[in-house]
Amino acid sequence: MTADLRHIDTWLFDLDNTLYPEESGFMGAVEGRMTDFVAKVSGLPRDQAYVLQKKYLAEHGLTLKGLMLNHGVDPADFHALFHDLSLEVLARDEDLLAALAALPGRRFIFTNADDLHAERVMAHLGLDDLFDDVFHIHSFGFAPKPDPLGFQRMIDAHGIGPRATAFFEDSERNLKPAADLGMTTVLVGPRAGASSAEFVHHRTAKLAPFLTGARLKEAA
């Protein structure tokens, strides 16, 4: 069904596994390095470190936040783990680039990653000239999605009107605070069709066809 997004003039996108497909496997490499780091910091065997990693993610919205609170980890040390990861598995999607460029209004990235990671990935995918700003983990003071405080800081920083904003995410739970604020929410990825959450307004396995097919506000 074609999505009616004619009321939208602000477009908010998660980055990882949203503006490129989860099937790329890139986040698997990120997660693997993260588990190694948690094992080193905690002294746990790798399988137990993975459990702890997921526990912190569930409790804080970000594994890093749990590491900061419980192990005194410096965010710079954590983020440096990923800055030399190969981006070869990420392919530029010309259809997606065209669909994003056609969206009327402002476009923002809203990511729990840091600024350098976002810059690397966006440049590789050809996204860096399509967005007005990147709101990253430093921007919202380590109040990661789904923390409502991070959303409010993003709204305040950019003067965003939630009811005229669409938020695209691969994580279902990150969409709830957006919906609570009045945003239109879109769950993206291979499991989107299985979601039945009321706070998810639209679901799509692939982002480019969804954007291309949506009804948009006409240019002034």
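One-based numbering along the sequence shown. This is a predicted model, so every value here is computed, not measured.
- Identified under the salt bridge (Lys or Arg N to Asp or Glu O under 4.0 Å) test for residues 140-151, with sequence neighbours left out: Asp14-Lys145, Lys145-Glu169.
- Aromatic pair Phe140/Phe110: centroids less than 6.0 angstrom apart.
- A search for side-chain contact (heavy atoms from CB on, under 4.5 Å) contacts involving Pro21 returns Glu23, not counting sequence neighbours.
- For Lys40, the NZ atom counts as loosely surrounded, since its 6.0 Å shell holds 12 or fewer non-hydrogen atoms of other residues, nucleotides or ligands.
- Applying the side-chain contact (heavy atoms from CB on, under 4.5 Å) test to Asn17 and every residue at least two apart in sequence or in another chain returns Tyr20, Glu22, Met27, Asp170.
- Here OG1 of Thr111 is found 9.5 Å from CG of Leu19. Values are rounded to the nearest 0.5 Å.
- Among pairs with a residue in residues 197-213, those fulfilling side chain to side chain donor-acceptor pair (under 3.5 Å) read Thr185-His201, at least two apart in sequence or across chains.
- Residues forming a side chain to side chain donor-acceptor pair (under 3.5 Å) with Gln48 (at least two apart in sequence, or on another chain): none.
- Inter-residue side-chain proximity for Asp180 and Phe151 is flagged as unmet; no heavy-atom pair is nearer than 4.5 Å.
- Note that CG of Leu175 is 11.0 Å distant from OG1 of Thr184, once rounded to the nearest 0.5 Å.
- Once rounded to the nearest 0.5 Å, the distance linking CG of Asp9 with CZ of Arg106 reads 7.5 Å.
- Remark: aromatic rings of His71 and Phe78 are distant, center separation not under 6.0 Å.
- Within the structure, every pair that satisfies the salt bridge (Lys or Arg N to Asp or Glu O under 4.0 Å) test and touches residues 60-84, not counting sequence neighbours, is listed here: Arg33-Asp84.
- Asp36 is linked by a side chain to side chain donor-acceptor pair (under 3.5 Å) to Arg46, counting only residues two or more places apart in sequence or in another chain.
- Contacts of His124 classified as side chain to side chain donor-acceptor pair (under 3.5 Å), with partners at least two apart in sequence or in another chain: none.
- For Asp129, there are no salt bridge (Lys or Arg N to Asp or Glu O under 4.0 Å) partners, not counting sequence neighbours.
- Residues passing the side chain to side chain donor-acceptor pair (under 3.5 Å) test with Glu59 are Lys55, sequence neighbours excluded.
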>> With side chain to side chain donor-acceptor pair (under 3.5 Å) as the criterion, how do Gln53 and Thr63 come out once you've worked through the C-alpha distance, each side chain's angles and the decisive distance to 0.1 Å?
In response: CA-CA 6 Å; Gln53 172 183 333; Thr63 298; 5.0 Å; no

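- Listed by chain and residue number, Arg92, Leu97 satisfy the side-chain contact (heavy atoms from CB on, under 4.5 Å) test with Glu94 (two or more places apart in sequence, or in another chain).
- Annotation: ring pair (Phe, Tyr, Trp, His ring centres under 6.0 Å) contacts of His79 (sequence neighbours excluded): His138.
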